[in-house]
Amino acid sequence: MGTNAEIRVNGRSYRRPTVPTVVICFDGCDPRYIAHGLEANLLPNISRVISQGFYAIADAAMPTFTNPNNMSIVAGAPPKVHGIAGNYYLDRATGKEVMITDASLVASGTILAALADAGARVAAITAKDKLRKMLGSGLKGICFSSERAGEATLAENGIENVEALVGRKAPDMYSPDLSLFVLDAGIKLLEAGRADLLYLSLSDMVQHAAAPGDALADQFNRDVDQRVGRLLELGAVVGIVADHGMTDKSGPDGRPQVVYLETLLNQQFGAGSARVICPITDPFVKHHGALGSFVRVYATGDTPADVLMDAAARIPGVGLVLDGVSAAGRFEMPLEREGDFVAIGDTHTVIGSRPDEHDLTGLNGHKLRSHGGLSEQPVPFMLSRPLSAEYQARVGTQRLRNFDIFDFALNGTA
Ligand SMILES: [Zn+2]
């Protein structure tokens, strides 16, 4: 197959990379971090990307959570195509709540797997291991997480001795280094000429804890920027996008602004009337207490779903409710995983189920910052090279999505 042969994935065509191409998912990088970083001169390399290449604000997929959006980015398609719309769902057939821990529910191919099949050397590196399994679905290449870097094997991950390659031990789960390690590993692979296409997916731990201008966020963004500089030095085309934004979810008093929707509905209609599933739920929730701005609601008693939905819509802090069919249609989510209805918090409100399902002690004094709703859809979208005339024209006429990034990076530069 020649280098210009086009590869079809989920209805779109992709060219094999002719120069090393790196796509970074800057997890939780709300556009406000970029704006602040540029203004405060924290981001010299990202500033260069923006001035020499392309920068716009794109829309993330709904719900604006990490896994649905990472899957959308590598599939080049919304959740209804790849099937991942949260970390957690209620199986209607069994009535059981199921946590998605591997790739068994991934319903489509990925750009990474298809390009590897076409002969490109592909590497996908994630912060968390659970995401690694999904992103690596069908991929014949290098695929590992910084969480489990010490355990990578040739058979499972296409690489071994990752800690020796990067020059340090796999970082702690809750350290900013979990993300920096991902970038450093990508740099080492590029330096060694071991990959043509890299997907580097970070963690949003810092953004959950620190707002633009906070010392922790500023230092982290400087550290990421420095690594972007190294990738540019190595001659790579660099695309940067985020899976979702991040918003302060506290009230005027600084305390978390939470609607415990299951509690409120069951108080009004009787115990057992409603079950609320929070698709942000994950074994690692210390930094946000499993609270996001998007939930799925199931009518589990005698009260009809539309009556519960009407009541939910009247609760202050609930910004939007939609029945499952409408939500799946409007947000391109898989209908088979949808609730009877969804509830989306307003900008500064998260929606939980019951207080006993959400432990906020892990916030350790910082404000609750989270995502999941419509307010976290705007995300940065940048490329280190200018767009071709064709792609420039497209930007003017079509809604730009974060999952367009591989298309732009592989097909769209001048
Ligand atoms: Zn995220």
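Residue numbers start at 1 and run along the sequence shown. We count ligands from 1, going down the list as the structure has it; atoms in each ligand are counted the same way.
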Whether H371 has an N, O or S atom under 2.8 Å from the Zn ion (ligand 1):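 No, outside the cut-off.
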
N, O or S of Q207 under 2.8 Å from the Zn ion (ligand 1):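 So Q207 does not count as coordinating the Zn ion (ligand 1).
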
The Zn ion (ligand 1): angle it makes with OD2 (D243) and OG1 (T66), nearest 10 degrees: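 So the angle at the metal works out to 100°.
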
For the Zn ion (ligand 1), the closest N/O/S atom belonging to D27: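 Considering only N, O and S atoms, D27 comes nearest to the Zn ion (ligand 1) through OD1.
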
Of the N, O or S atoms in D204, the one nearest the Zn ion (ligand 1):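 Restricting D204 to its N, O and S atoms, the minimum distance to the Zn ion (ligand 1) goes to OD2.
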
Verdict with reasoning, H208 to H371, per side chain to side chain donor-acceptor pair (under 3.5 Å): CA-CA 9 Å; H208 272 289; H371 52 94; 3.2 Å; yes

NZ or CZ of R337 within 45° of Y89 ring axis and under 6.0 Å: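 Yes; both conditions hold, so R337 lies above the ring face of Y89.
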
Salt bridge R92-E336, side-chain N to carboxylate O under 4.0 Å: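 No, R92 and E336 are not salt-bridged.
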
H244 ring center near F65 ring center (under 6.0 Å):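 Ring centroids of H244 and F65 are no less than 6.0 Å from each other.
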
Output field: ring centroids Y391/F54 closer than 6.0 Å: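 No; F54 has its ring centre 6.0 Å or more from that of Y391.
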
